[in-house]
Amino acid sequence: MHIMEGFLPHPWWEIWYVISMGIVAYGVYRLSRVTKKLPEAKPLLALMGAFIFVLSALKLPSVTGSCSHPTGSGLAAVIFGPAIASVLSMIALLFQALLLAHGGLTTLGANTFSMGIVGPVVAYLIWVVCRKARLPTSAGIFLAATLGDLFTYVTTSAQLALVFPTAAGFFDAFLKFGAIFAITQIPLAIGEGILAIFLFDFLAKYKGQLLAAIKVISLPITAHEQEGKE
Amino acid sequence: MSFGNLCAQIDRCAYTNALAKSSPATKVFFALSALILSVSSPSPLVPIIVFLTTTTLLLRFAKIPAHFYSSLLVYPTIIVAISCFIIALFFGYGEPLTEIVLPWFRWTVFKSGVMMGVTTFFRVEGALSCLYFLVLTTSMGDIFIILRRAHIPKILIEMSLLIYRYMFVFMEVAAQMYTAQKLRLGHSSWQKRIRSTALLAGNLFIRTLEQGERTFIAMNARGYDGNIRNLDDLPRPRRVSLMGIVFFDVILVFVTLSTINLW
């Protein structure tokens with residue numbers, strides 16, 4: 001969903017910057033608190049950032065001045081919470097702009113908003129609801145990652161439609177952009193959901209204690225038990 | 001992994017180009033000011049001037065190989081051309097420009113849609129050239145030092161450095177595992193390719209995290225306290241080049257203001 005450098009005209013890129021940076025600033029505050037308390041979380045945090053970078057660089061072109069790819073920020077939101085996920089996504093997006101010229105510096109605000117804020121917030125809310133409803137962990141992770149990914153694209157469609165309205169108005173343009181994205185994005189989102197299940201399973205087994213210590217989530221009891229047995 | 005290769009090539013260019021040793025502050029100032037001006041301009045004229053200037057600077061002064069620069073530009077240009085063509089055809093409102101009449105349907109193309117498409121195309125090209133200028137002439141290390149001078153929160157710079165390192169670990173590990181799989185007849189048929197890819201993706205995460213944790217332990221053993229210090233001995237900006245950039249920006253502002261009503 002990286003909107004290309006320069007694709008958003010004058011008032012819009014500033015607006016998205018202002019909105020995103022406020023939330024990212026809160027994320028930086030959360031991040032500094034977590035890392036001060038648990039410096040050993042840093043490798044995992046950086047790994048999630050690199051994971052977001054790699055996943056969202058696996059792109060399929062889409063004809064909307066943008067592209068289609070998995071995001072990876074949903075899983076980060078489930079593990080570290082949406083505020084920290086927004087910081088990690090912003091750093092990943094910055095590197096993609098600087099190292100791959102994928103996305104851009106002026107569109108960084110808009111891209112952070114869709115991939116780093118709306119996606120993670122949706123993923124996190126769905127994860128919390130699934131926990132409350134006592135759904136199995138894998139179902140919760142799958143839904144969170146898949147819907148987080150899809151909502152990222154819904155946001156991008158809205159951002160593009162605000163800039164490029166049609167004769168029938170904003171909503172018509174929004175549907176047009178959404179339809180173009182949907183072709184490539186729905187299979188990708190499902191794939192990302194499945195990948196997220198495996199990765200979370202692995203993390204819960206391998207890093208259960210650290211995840212519990214971060215206390216962003218309450219882990220399933222099985223993970224603690226396995227950790228204890230080892 | 002093709003993007004890993006691209007990443008490494010861009011990174012190499014940033015360290016070896018002819019402008020690599022000049023002041024990064026100047027380069028960042030030039031790239032960002034030209035970027036902001038060309039994105040803010042409502043007409044395509046400013047982005048065209050910016051595109052020509054940065055391309056000349058890149059090819060003549062930074063001595064970036066022309067074929068590498070054009071290979072970087074081709075892919076986004078094709079995508080943005082298709083995107084803008086679609087915007088020109090399907091979007092816009094108000095005054096109709098022309099009607100496409102085919103036996104089975106008719107389609108109105110709006111003047112504002114075409115203008116939107118054309119402007120967007122040149123805006124993206126101008127902005128892309130600025131982005132490439134920054135990326136191809138300034139190394140990440142220099143950018144980190146500039147960020148530190150700009151008083152970006154320490155934790156953000158630290159995380160960025162770690163993520164930057166991990167990205168390359170990711171790609172290295174992936175390339176190694178891919179070669180190992182190929183040697184053992186992985187990826188040899190369609191079904192095996194899916195299985196190999198799944199194995200690679202799963203193990204990639206484990207291997208990278210393990211390697212990262214070992215690095216972290218090694219850093220802790222050497223007294224890592226959350227600060228990664230780089231030697232801050234960047235060349236100072238030259239006054240002549242700063243004046244030149246300001247002069248260039250003033251011209252751009254003037255062009256923007258004088259064409260604002262024409263377009």
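Scope of the values below: all heavy atoms of this structure, side chains included, with no hydrogens, waters or symmetry mates.
In this structure the side chain of B:Tyr166 reaches within 4.5 angstrom of the side chain of A:Pro43, judged on heavy atoms. A:Phe51 places none of its side-chain heavy atoms less than 4.5 Å from the side chain of B:Leu204. Inter-residue side-chain proximity for B:Leu209 and A:Leu203 is flagged as met; some heavy-atom pair is nearer than 4.5 Å. The shortest distance between side-chain heavy atoms of A:Phe95 and B:Ser160 falls below 4.5 Å. You'll find the side chain of A:Glu5 stays beyond 4.5 Å of the side chain of B:Val124, heavy atoms only. Two residues are said to be in side-chain contact when any heavy atoms from C-beta on lie closer than 4.5 Å; B:Val80 and A:Phe7 meet this criterion. Counting heavy atoms from C-beta on, the side chains of B:Phe205 and A:Leu47 come closer than 4.5 Å. Put simply, the side chain of A:Thr107 does not reach to within 4.5 Å of the side chain of B:Val39, judged on heavy atoms.
For a residue to count as touching a neighbouring chain, one of its non-hydrogen atoms must lie under 4.5 Å from one of that chain's; by this rule B:Pro76 touches chain A with backbone and side chain alike. Contact annotation for A:Ile91: only side-chain heavy atoms (C-beta onward) come within less than 4.5 Å of a heavy atom of chain B. Interface remark: B:Leu156 contributes backbone and side-chain atoms alike to the contact with chain A (heavy atom separation under 4.5 Å). For chain B, the nearby parts of A:Ser32 are the backbone and the side chain; heavy atoms of each come within less than 4.5 Å. For A:Val24, no part sits under 4.5 Å from any heavy atom of chain B, backbone or side chain. Of the atoms belonging to B:Leu32, it is side-chain heavy atoms, and not backbone ones, that fall under 4.5 Å from chain A.
Chain A forms more heavy-atom pairs under 4.5 Å with one residue of B:Arg165, B:Glu125, B:Met159 than with any other, namely B:Met159. Chain A forms the most heavy-atom pairs under 4.5 Å with one residue out of B:Tyr164, B:Phe121, B:Phe85, B:Phe122, and that residue is B:Tyr164. Heavy-atom pairs under 4.5 Å with chain A were tallied for B:Leu128, B:Ile206, B:Thr208; the largest tally goes to B:Ile206.
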>> Working note: A:Lys42 + B:Glu158, criterion side chain to side chain contact (heavy atoms under 4.5 Å, CB included); need CA distance, chi angles, decisive distance, verdict.
In response: CA-CA 9 Å; A:Lys42 279 176 191 169; B:Glu158 189 197 349; 2.9 Å; yes

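Atom CE of A:Met4 sits about 7.5 Å away from atom OG1 of B:Thr77, to the nearest 0.5 Å. Remark: B:Ile155 CD1 to A:Thr35 OG1 distance equals 3.5 Å, nearest 0.5 Å. Atom OG of B:Ser139 sits about 11.0 Å away from atom CG of A:Leu98, to the nearest 0.5 Å. With rounding to the nearest 0.5 Å, the separation of CD1 in A:Ile52 from CE in B:Met167 is 12.5 Å. Rounded to the nearest 0.5 Å, atoms CG (A:Leu105) and CG (B:Leu134) are 6.5 Å apart.
In terms of heavy atoms, B:Ile163 sits closest to A:Ala46 at CG1-O, 3.7 Å. The two atoms that bring B:Arg123 and A:Pro9 nearest to each other are NH1-CB, 3.4 Å, heavy atoms only.
In B:Arg148, the CZ atom is crowded: over 12 heavy atoms of neighbouring residues, nucleotides or ligands sit closer than 6.0 Å. Environment of OH in B:Tyr224: crowded, with over 12 heavy atoms of neighbouring residues, nucleotides or ligands closer than 6.0 Å. Surrounding CZ of A:Phe171 are at most 12 heavy atoms belonging to other residues, nucleotides or ligands under 6.0 Å away. Annotation for A:Tyr29: atom OH does not count as buried by contact number, only 12 or fewer foreign heavy atoms lying within 6.0 Å.
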